[in-house]
S.K.: 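Got a structure here, written out as structure tokens. Questions coming.
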Amino acid sequence: MSFDCPVWPPNWPEIDASVQRVLGSGDWGRYHSETCEGLRARIAEFTGVSEVRLCCSGTAALEIALRAAQVGQGDEVVLAAYDFPGNFRTVELLGARPVLLDVAAGSISIDPQQLQSVAPGEESSRIRAVIASHLYGRPADVKRLREVCDARGWILVEDACQAIGMTMGGLQVGGGGHFATLSFGGSKPVSAGGGGALLASDAKLAARLGGLIDRPGDAFPLSPLQAAVIGPQLERLAELNRIRLSTVEFLQREVVAQLDSWEWLSQVEPDVVPTHYKVGWIADSPEHRDRILAAADQENLPLGPGFRSLSRCSARRCGKPVPTPLSDRLGECLFVLDHRALILPESRHGELAESLLRVCSAAC
């Protein structure tokens with residue numbers, strides 16, 4: 001018996017109706033779309049960040065943010081050795097050098113203590129920006145990272161591409177850094193097949209965006225049809241996040257202890273209302289992870305590997321001022337359950353538990 005995974009992206013009548021309105025009005029073919037402007041304003045209201053620019057992807061949003069931070073040839077950008085590889089490649093695209101630090105213990109994001117230990121002086125004089133990613137429902141410690149960056153004159157880019165709708169201490173993600181990026185890629189909790197947004201909480205930096213984006217047309221546009229499908233999903237994001245959280249809480253309460261040798265990584269934290277794009281476990285070896293993923297494939301359960309550790313890249317491509325054992329272990333042994341399996345109704349939680357237990361048993 002294989003697992004029947006819910007379909008994503010969603011097939012909702014309100015999405016169809018929104019698209020039909022855009023098609024019928026002709027707004028789908030306009031440079032200055034009312035639908036896009038409405039979405040931009042909605043994201044600004046939702047996040048509490050007034051300066052929002054829609055764009056063609058979360059990766060494009062990061063590129064624009066780094067350009068606005070005046071990152072260029074010979075500069076350095078700090079990021080975790082465990083991160084989305086597109087962030088690393090975007091730094092390289094601008095002619096800058098990625099500098100890798102480890103994740104914090106028990107976390108999936110850059111360690112603020114290691115960032116603090118980067119001594120001001122000649123060895124850090126080329127650093128212009130820091131990228132901090134919220135991954136797998138676990139937030140980066142943006143408050144501490146921002147304090148370090150402000151003290152050093154560095155620009156903090158908050159990668160919230162997996163985390164739209166997450167709150168920390170009652171505040172939406174996206175306003176803790178100088179910039180923040182969002183993604184509406186095909187697998188994301190708010191999906192348009194592609195697209196993204198850039199949020200700027202610093203007025204001086206926000207003033208640079210027009211010169212980078214408007215030429216005079218938008219050089220990195222999100223289409224009105226994409227905006228049309230995003231709007232209805234934003235309206236139901238809090239509802240779906242509650243469903244995902246309910247499933248994660250069930251797993252943590254009823255299932256995690258039964259999954260022998262699977263180290264649970266996606267704890268529910270008291271001051272965080274997460275967006276669980278994926279939830280993670282760590283296998284006790286790379287070979288064990290391979291067996292788990294093979295068994296999950298047979299079960300039709302959406303388990304997959306995490307990112308590879310960026311520390312595998314050569315020293316010619318990046319700086320490695322500290323060892324990164326935690327990031328390396330994540331790269332070798334982390335595996336993740338996709339949010340499609342988390343949007344199950346409570347009546348199907350037992351099915352998910354049984355499927356996970358079968359995979360665990362088969363991979364022993």
Side-chain angles (χ1 to χ4, degrees), residues 3 5-6 8 80 82-84 102-111 132-142 158-169 173 183 187-190 237-238 240-284 288-289 292-293 296 299 301-309 326-344 346 348-349 351-353 355-357 359-360 363:
F3 181 73
C5 193
W8 192 266
Y82 185 85
D83 201 355
F84 174 56
D102 210 357
V103 299
S107 174
I108 323 174
S109 299
I110 191 168
D111 185 349
S133 298
H134 305 292
L135 297 174
Y136 314 144
R138 303 296 305 280
D141 192 345
V142 173
E158 183 182 355
D159 180 346
C161 287
Q162 292 192 5
I164 184 170
M166 177 186 286
T167 63
M168 298 178 290
V173 296
S183 173
S187 64
K188 295 298 194 300
V190 174
L237 178 60
L240 288 179
N241 276 348
R242 284 192 294 271
I243 294 171
R244 294 182 184 104
L245 178 58
S246 174
T247 305
V248 172
E249 289 175 333
F250 164 76
L251 292 175
Q252 185 162 301
R253 183 179 65 249
E254 304 289 344
V255 182
V256 165
Q258 302 180 63
L259 299 172
D260 296 337
S261 70
W262 293 21
E263 180 184 337
W264 177 241
L265 192 58
S266 297
Q267 296 92 349
V268 177
E269 302 179 30
D271 63 337
V272 176
V273 179
T275 294
H276 280 298
Y277 172 50
K278 299 177 187 290
V279 292
W281 287 268
I282 303 175
D284 55 12
H288 186 206
R289 184 180 71 171
I292 291 168
L293 297 183
E299 186 73 22
L301 188 66
L303 280 173
F307 305 130
R308 297 200 323 171
S309 174
L326 300 178
S327 296
D328 296 345
R329 181 169 180 248
L330 293 176
E332 293 177 347
C333 299
L334 177 66
F335 59 100
V336 289
L337 179 67
D338 189 80
H339 76 103
R340 288 174 293 152
L342 304 178
I343 57 175
L344 292 168
E346 288 189 12
R348 293 193 59 199
H349 282 177
E351 294 177 40
L352 177 59
S355 185
L356 285 165
L357 290 168
V359 168
C360 182

S.K.: I want to check something: taking the side chain as every heavy atom from C-beta on, are Trp262 and Val256 in contact at a cut-off of under 4.5 Å?
M.R.: no

S.K.: To the nearest 0.5 Å, what is the distance between CG on Asp260 and CG on Asp284?
M.R.: 10.5 Å

S.K.: Does any part of the side chain of Cys161, heavy atoms only, come nearer than 4.5 Å to the side chain of Phe84, both counted from C-beta?
M.R.: no

S.K.: Are any of the side-chain heavy atoms of Val359 and Phe3 separated by less than 4.5 Å?
M.R.: no

S.K.: Closest approach of His134 and Ala163, non-hydrogen atoms and distance?
M.R.: CB-CB, 3.8 Å

S.K.: On the ring face of Tyr277, is Arg244 found with NZ or CZ under 6.0 Å from the centre and within 45° of the axis?
M.R.: no

S.K.: Checking side chain to side chain contact (heavy atoms under 4.5 Å, CB included) for the pair Asn241/Val273: CA distance, chi angles, key distance, verdict?
M.R.: CA-CA 8 Å; Asn241 276 348; Val273 179; 5.8 Å; no

S.K.: Where does the angle between the aromatic ring planes of Trp8 and His339 fall among parallel (under 30°), tilted (30 to 60°) and perpendicular (over 60°)?
M.R.: perpendicular

S.K.: Scan Leu342, Asp338, Leu344 and name whichever one has a side chain to side chain contact (heavy atoms under 4.5 Å, CB included) with Arg340.
M.R.: Asp338

S.K.: What are the two closest non-hydrogen atoms of Ser246 and Glu346, and how far apart are they?
M.R.: OG-OE2, 3.3 Å

S.K.: State the NE2-CE distance between His276 and Met166, to the nearest 0.5 angstrom.
M.R.: 7.0 Å

S.K.: Any side-chain heavy atom of Leu356 within less than 4.5 Å of one from Gln258?
M.R.: no

S.K.: Will you find, in the side chains of Tyr82 and Ser133, an N or O donor that is under 3.5 Å from an N or O acceptor?
M.R.: no

S.K.: Please name the pair of heavy atoms, one in Pro139 and one in Met168, separated by the smallest distance, quoted to 0.1 Å.
M.R.: CB-SD, 3.2 Å

S.K.: Compare all side-chain heavy atoms of Asp141 with those of Ser109 and state whether any distance is below 4.5 angstrom.
M.R.: no

S.K.: Would you check if there is a donor-acceptor pair between the side chains of Thr247 and His349 at a distance under 3.5 Å?
M.R.: yes

S.K.: Are side-chain heavy atoms of Thr275 and Gln162 found at a separation under 4.5 Å?
M.R.: no

S.K.: Roughly how far, to the nearest 0.5 Å, is OG of Ser183 from CD1 of Ile164?
M.R.: 9.5 Å

S.K.: Would you please test Leu259 and Leu357 for side chain to side chain contact (heavy atoms under 4.5 Å, CB included) and show each step?
M.R.: CA-CA 7 Å; Leu259 299 172; Leu357 290 168; 3.7 Å; yes

S.K.: One pair to check against side chain to side chain contact (heavy atoms under 4.5 Å, CB included): Trp281 and Leu303. What are the steps and the verdict?
M.R.: CA-CA 10 Å; Trp281 287 268; Leu303 280 173; 4.3 Å; yes

S.K.: Between Val336 and Leu265, does the side chain to side chain contact (heavy atoms under 4.5 Å, CB included) criterion hold? Intermediate values first, please.
M.R.: CA-CA 10 Å; Val336 289; Leu265 192 58; over 6 Å; no

S.K.: Identify the heavy atoms of Ala341 and Leu352 that sit nearest to each other, and give their distance.
M.R.: O-CD2, 3.6 Å

S.K.: For residues Arg329 and Glu263, report the shortest heavy-atom separation together with the two atoms involved.
M.R.: NH2-OE1, 2.8 Å

S.K.: Taking all heavy atoms of Ala283 and all of His288, pick out the closest pair and write down the distance.
M.R.: CB-ND1, 3.9 Å

S.K.: Could you check whether any side-chain N or O of Asp102 sits under 3.5 Å from a backbone N or O of Leu326, counting only pairs where one atom can act as donor and the other as acceptor?
M.R.: yes

S.K.: Which value, rounded to the nearest 0.5 Å, describes the distance between Ile343 atom CD1 and Arg242 atom CZ?
M.R.: 14.5 Å

S.K.: If you define the side chain from C-beta out and look only at heavy atoms, does anything of Pro305 sit under 4.5 Å from Leu334?
M.R.: no

S.K.: More than 12 heavy atoms of other residues, nucleotides or ligands under 6.0 Å from CZ of Arg308: yes or no?
M.R.: no

